[in-house]
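Computed over heavy atoms, backbone and side chain alike; hydrogens, waters and symmetry mates excluded. Keep in mind that this is a model prediction, so the values were computed, not measured.
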Amino acid sequence: MRSGRQRLAIMGAVVGLMALLAVVTVRSNRPASITVALARGLNPEAPVFALPRIDEEGTLELAALRGRVVVLNFWSSWCIPCREEAAAIEATWNRYRERGAVVVGINVQDLTGAASRFLRDVGATFPNVRDKDNTVYRAYGLTGVPETFFVDRQGLIVRKFPGAVSSPGVWFEAVEEALRR
């Protein structure tokens with residue numbers, strides 16, 4: 001009888017360990033799937049979020065922007081390349097907001113006061129939110145900042161900039177691509 005219980009206990013432990021391994025594997029591979037899907041020519045669905053605004057009261061929800069092209073720019077106040085591309089992002093916002101595109105800055109790995117000062121310093125007028133616990137950062141599989149995702153009207157990611165891009169023309173081209181979909 002004892003050997004039967006021992007076998008059952010060992011089998012239960014093995015099954016539990018396999019389940020834990022499966023969960024860890026799925027969670028660790030999910031963020032990378034956005035980059036992999038884009039590299040394969042696919043357009044994955046943008047992970048939804050609801051985050052507190054930095055620039056005004058309230059919360060911004062990605063789902064509420066469905067039907068519009070959305071540019072998601074992840075940034076931090078201490079990031080020098082983030083500061084360098086800020087003018088191109090603002091130019092994109094100013095050029096495309098009347099055509100239904102929304103630029104959303106997502107502040108990560110930062111302090112609220114530093115983030116607010118950064119926005120004032122660079123003259124950002126587009127909506128900005130704060131990902132205090134890096135949940136959205138992980139959901140998008142970021143490897144650092146800045147990183148930018150272009151989401152079409154159906155909520156699909158159509159392009160990604162995995163680093164700083166300071167040329168407004170490159171930003172305009174990416175938004176135009178999303179608007180054509």
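- Taken to the nearest 0.5 Å, the CH2 atom of W75 stands 6.0 Å off from the CG atom of D110.
- Side-chain contact check for V145 versus W78: some heavy-atom pair is nearer than 4.5 Å.
- Under a hydrophobic-cluster definition in which Ile, Leu, Val, Met, Phe, Trp and Tyr are linked whenever side-chain heavy atoms come within less than 4.5 Å, directly or via other members, F161 and V122 are assigned to different clusters.
- Taking the side chain as every heavy atom from C-beta outward, L65 and V104 approach each other to under 4.5 Å.
- Under a hydrophobic clustering in which Ile, Leu, Val, Met, Phe, Trp and Tyr are joined whenever their side-chain heavy atoms come within less than 4.5 Å, directly or via other members, L156 and V102 fall into different clusters.
- Counting heavy atoms of neighbouring residues, nucleotides and ligands inside a 6.0 Å radius, atom NZ of K160 exceeds 12 of them.
- For S166 against E84, the heavy-atom pair with the smallest separation is CB-O, 3.7 Å.
- A distance-only check finds no donor-acceptor pair linking the side chain of D131 to the backbone of V129 [under 3.5 Å].
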Exercise for the section: Take F49 and L60 through the test side chain to side chain contact (heavy atoms under 4.5 Å, CB included) and record every step on the way to the result. Expected result: CA-CA 8 Å; F49 60 81; L60 186 141; 4.0 Å; yes
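- Counting only heavy atoms from C-beta outward, the side chains of D121 and R83 approach each other to under 4.5 Å.
- Between P47 and I34, the closest side-chain pair of non-hydrogen atoms falls below 4.5 Å.
- Criterion: ILVMFWY side-chain heavy atoms under 4.5 Å apart, direct or through other members. Under it, L142 and L38 are part of a common hydrophobic cluster.
- Once rounded to the nearest 0.5 Å, the distance linking CZ of F150 with CH2 of W171 reads 5.0 Å.
- Hydrophobic cluster membership is shared by V71 and V108, with clusters built from Ile, Leu, Val, Met, Phe, Trp and Tyr side chains linked at under 4.5 angstrom.
- With contacts defined as side-chain heavy-atom distances shorter than 4.5 Å, the pair V158/F149 does not qualify.
- For R66 (side chain) and Q154 (main-chain N/O), a donor-acceptor pair under 3.5 Å exists by modelled atom type.
- For residues 141-181, the set of pairs meeting the disulfide (SG to SG under 2.5 Å) definition, not counting sequence neighbours, is empty.
- Atom CG in N134 sits 9.5 Å away from atom CZ in F74 (nearest 0.5 Å).
- Here the side chains of T125 and E90 are in contact, with some heavy-atom distance below 4.5 Å.
- Note that the CG atom of N128 and the OG atom of S116 stand 9.0 Å from one another [nearest 0.5 Å].
- If you take CG on L72 and CD1 on I106, they are separated by 4.5 Å, rounding to the nearest 0.5 Å.
- The shortest side-chain heavy-atom distance between N107 and K132 does not fall under the 4.5 Å cut-off.
- Summarising the geometry of P127 relative to D55, their closest heavy-atom pair is CA-OD2, 3.2 Å, with the distance given to 0.1 Å.
- In this structure, R181 contributes its side chain and V151 its backbone to no donor-acceptor pair below 3.5 Å.
- Remark: the E176 side chain and the Y96 side chain contain an N/O donor-acceptor pair separated by less than 3.5 Å.
- Side-chain N or O atoms of N43 include one that pairs as donor or acceptor with a backbone N or O of I157 at under 3.5 Å.
- Under a hydrophobic clustering in which Ile, Leu, Val, Met, Phe, Trp and Tyr are joined whenever their side-chain heavy atoms come within less than 4.5 Å, directly or via other members, V170 and V70 fall into the same cluster.
- Looking at every heavy atom in both residues, A46 comes nearest to Y140 through CB-OH, 3.5 Å.
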Exercise for the section: Decide yes or no on side chain to side chain donor-acceptor pair (under 3.5 Å) for R130 and T112, but give the supporting numbers first. Expected result: CA-CA 8 Å; R130 185 154 187 268; T112 304; 3.3 Å; yes
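- The number of heavy atoms from other shown groups lying within 6.0 Å of CD (E56) is above 12.
- Within the 4.5 Å cutoff, the side chain of T92 has heavy atoms near those of the V175 side chain.
- At least one donor-acceptor pair under 3.5 Å links the side chain of E85 to the backbone N or O of V165.
- Distance check, rounded to the nearest 0.5 Å: CD1 of I89 to CG of N94 gives 12.0 Å.
- R120 and R117 get closest at one heavy-atom pair: NH2-CG, 3.0 Å.
- Smallest separation of non-hydrogen atoms from P81 and A164: CB-CB, 3.6 Å.
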